[in-house]
Amino acid sequence: MQALSLRNLRKTYKNGLQALKGIDLDVASGDFFALLGPNGAGKSTTIGILCSLVTKTSGQVRVFGHDLDRNPHEVRRAIGLVPQEINFNQFEKVINIVVNQAGYYGIGRRRALDRAERVLTELGLWERRNTTSRQLSGGMKRRLMIARALVHEPRLLILDEPTAGVDIEIRRSMWDYLRQINQAGMTIILTTHYLEEAENLCRNIAIINHGQIVEHSAMPELLARLHVNQFILELRHPPGEVPEVPGYGLERLDERSLLARVPTDRGIHRLFDALAAHDMEVVSLRNAANRLEQLFVDLVDSGKTKHV
Ligand code: ADP
């Protein structure tokens with residue numbers, strides 16, 4: 001069963017800006033999924049559409065089989081959102097923040113209190129239920145955001161950069177909690193600027209850039225691709241034909257240079273031997289930036305500038 005399925009999702013804002021240019025995305029039920037992308041890529045627009053905060057221009061959204069156009073209430077009920085900014089009333093008591101949220105979903109006060117007790121206990125906040133949220137530490141506020149998103153018992157939890165600007169200790173305790181609820185069956189979609197976070201938590205990943213999905217794969221697959229070094233070899237003489245050297249993925253770049261893809265666990269000497277056997281002499285060797293690696297560097301860089 002798919003938790004989320006997006007087909008040809010488009011969003012053009014009133015000013016004519018095409019924020020989403022036909023997004024296709026599938027997230028399986030029970031997955032821990034990373035949605036990565038630099039600032040302005042379209043992550044918040046996508047999440048906004050799923051949560052009925054932004055109206056789509058066209059395309060199809062299905063959440064656990066419910067179509068957003070036909071069953072908006074079912075879709076809303078299925079999703080819990082942890083937004084990027086801490087946005088509760090600082091003077092409201094912790095318990096009321098959670099119970100009132102349940103009220104928005106039509107959950108009666110008695111049941112809401114039971115559920116609030118459960119989620120606040122799980123997140124280590126039950127003892128603090130009667131303090132106002134402004135008295136909480138930064139880490140506690142983050143946990144309260146998660147408790148509030150879970151009180152109506154959604155099946156899909158979406159976290160929009162939950163650990164932006166959060167110190168490493170709090171980040172790790174949030175990771176532990178998210179792993180735990182994912183193991184218990186919660187589907188989680190996480191947007192983040194931190195590749196390390198996505199790598200640590202997520203099984204599948206999509207990268208969005210300029211309103212388009214530029215990568216959609218299993219995390220180990222993507223990491224395996226990242227662990228390939230690309231070299232540009234310059235030859236003394238133009239080769240007649242590019243030889244087949246198994247395991248090195250040779251490709252012609254221009255008249256006298258070749259691109260070689262070398263897995264990090266394999267040396268390059270076998271390639272030199274193979275080329276020598278074809279009377280090809282290498283005069284220089286340099287690293288070619290990996291396209292995906294470059295993409296990640298860009299992502300992480302834009303994250304840094306954003307959070308400084
Ligand atoms: P991300 O969350 O990946 O940073 P967004 O979804 O916020 O990206 O933005 C995608 C693009 O849409 C950006 O170019 C942004 O400036 C633009 N955008 C976002 N919200 C609006 C809006 N309300 N009106 C016009 N343009 C917007």
Side-chain angles (χ1 to χ4, degrees), residues 3-27 31-63 68-69 72 75-76 79-87 142 145-146 149 154 156-166 171 174 178 187-199 201-202 204-217 219 222 291-308:
L4 175 69
S5 141
L6 304 180
R7 288 291 169 271
N8 201 11
L9 186 63
R10 292 174 185 270
K11 173 66 187 177
T12 306
Y13 282 107
K14 286 202 181 85
N15 60 5
L17 191 127
Q18 285 187 302
L20 302 181
K21 299 171 186 158
I23 299 279
D24 291 318
L25 194 66
D26 289 298
V27 177
D31 203 354
F32 206 139
F33 193 92
L35 184 63
L36 262 59
N39 287 331
K43 303 180 296 294
S44 303
T45 302
T46 306
I47 290 172
I49 292 171
L50 302 183
C51 298
S52 301
L53 304 169
V54 175
T55 44
K56 63 186 167 64
T57 304
S58 63
Q60 192 191 45
V61 175
R62 291 175 85 85
V63 177
L68 180 63
D69 296 325
V75 170
R76 212 168 87 90
I79 298 176
L81 172 67
V82 179
Q84 220 174 96
E85 307 292 335
I86 291 173
N87 63 351
R142 291 278 165 191
M145 299 272 281
I146 298 178
L156 170 62
L157 182 65
I158 301 178
L159 301 115
D160 193 0
E161 293 195 41
T163 59
V166 164
R171 190 176 302 171
M174 284 175 72
L178 294 176
T187 309
I188 301 181
I189 298 179
L190 175 81
T191 82
T192 180
H193 273 94
Y194 303 107
L195 177 60
E196 188 209 358
E197 183 159 272
E199 209 178 314
L201 292 172
C202 300
N204 291 293
I205 182 170
I207 300 174
I208 178 170
N209 202 16
H210 299 302
Q212 285 171 316
I213 299 287
V214 293
E215 179 69 41
H216 191 183
S217 57
M219 187 66 77
L222 181 71
R291 202 171 58 83
L292 279 168
E293 224 155 46
Q294 195 55 51
L295 192 57
F296 277 120
V297 169
D298 293 346
L299 291 176
V300 172
D301 278 346
S302 61
K304 272 188 203 139
T305 47
K306 189 176 170 195
H307 299 304
V308 170

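Atoms within each ligand, like the ligands themselves, are counted from 1 in listed order.
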Close-contact set for ligand 1 against [X] heavy atoms, below 4.0 Å:
{"X": "K43", "answer": "1 (P), 2 (O), 3 (O), 4 (O), 6 (O), 8 (O)"}
{"X": "P38", "answer": "3 (O)"}
{"X": "N39", "answer": "4 (O)"}
{"X": "T45", "answer": "5 (P), 6 (O), 9 (O), 10 (C)"}

Quiz item: Under a 4.0 Å heavy-atom limit, does N15 contact ligand 1 with its side chain, its backbone, both, or neither?
Solution: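 Within the 4.0 Å criterion, N15 contacts ligand 1 through side-chain atoms alone.
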
Quiz prompt | Heavy atom of G37, distance to ligand 1 below 4.0 Å | solution =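 Under 4.0 Å: no for G37.
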
Practice problem: Would you please determine whether G48 falls within less than 4.0 Å of ligand 1 on a heavy-atom basis? | Solution: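 G48 does not count as a contact of ligand 1 under the 4.0 Å cut-off.
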
Practice problem: Taking K56 for its side chain and R10 for its backbone only, find out whether a donor-acceptor pair lies under 3.5 Å. | Solution: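 Pair absent, no side-chain N/O of K56 close to backbone of R10.
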
Self-check item: Sole residue of L157, L53, L156, I189 in side-chain contact (heavy atoms from CB on, under 4.5 Å) with L81
Solution: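 Going through the options one by one, the only one that passes is L53.
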
Quiz item: Checking side-chain contact (heavy atoms from CB on, under 4.5 Å) against L20, which of N8, T46, L6 comes through?
Solution: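 The residue from N8, T46, L6 that satisfies side-chain contact (heavy atoms from CB on, under 4.5 Å) with L20 turns out to be T46.
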
Quiz prompt | 4.5 Å side-chain heavy-atom contact, L190 and P162 | solution =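 A side-chain contact exists here, since the closest heavy-atom pair is under 4.5 Å.
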
Practice problem: Kindly indicate whether the side chain of L68, heavy atoms from C-beta on, has any atom under 4.5 Å from the side chain of S52. | Solution: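 They are in side-chain contact.
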
Quiz item: Residues in ring-ring contact (aromatic ring centres under 6.0 Å, His included) with F32, at least two apart?
Solution: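 Not a single residue meets the ring-ring contact (aromatic ring centres under 6.0 Å, His included) criterion with F32.
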
Quiz prompt | Pairing residues for H210 by the ring-ring contact (aromatic ring centres under 6.0 Å, His included) criterion, not counting sequence neighbours | solution =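 Applying ring-ring contact (aromatic ring centres under 6.0 Å, His included) to H210 gives none.
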
Contact (N/O only, under 3.5 Å) between [X] and ligand 1:
{"X": "S44", "answer": "yes"}
{"X": "G42", "answer": "yes"}
{"X": "L17", "answer": "no"}

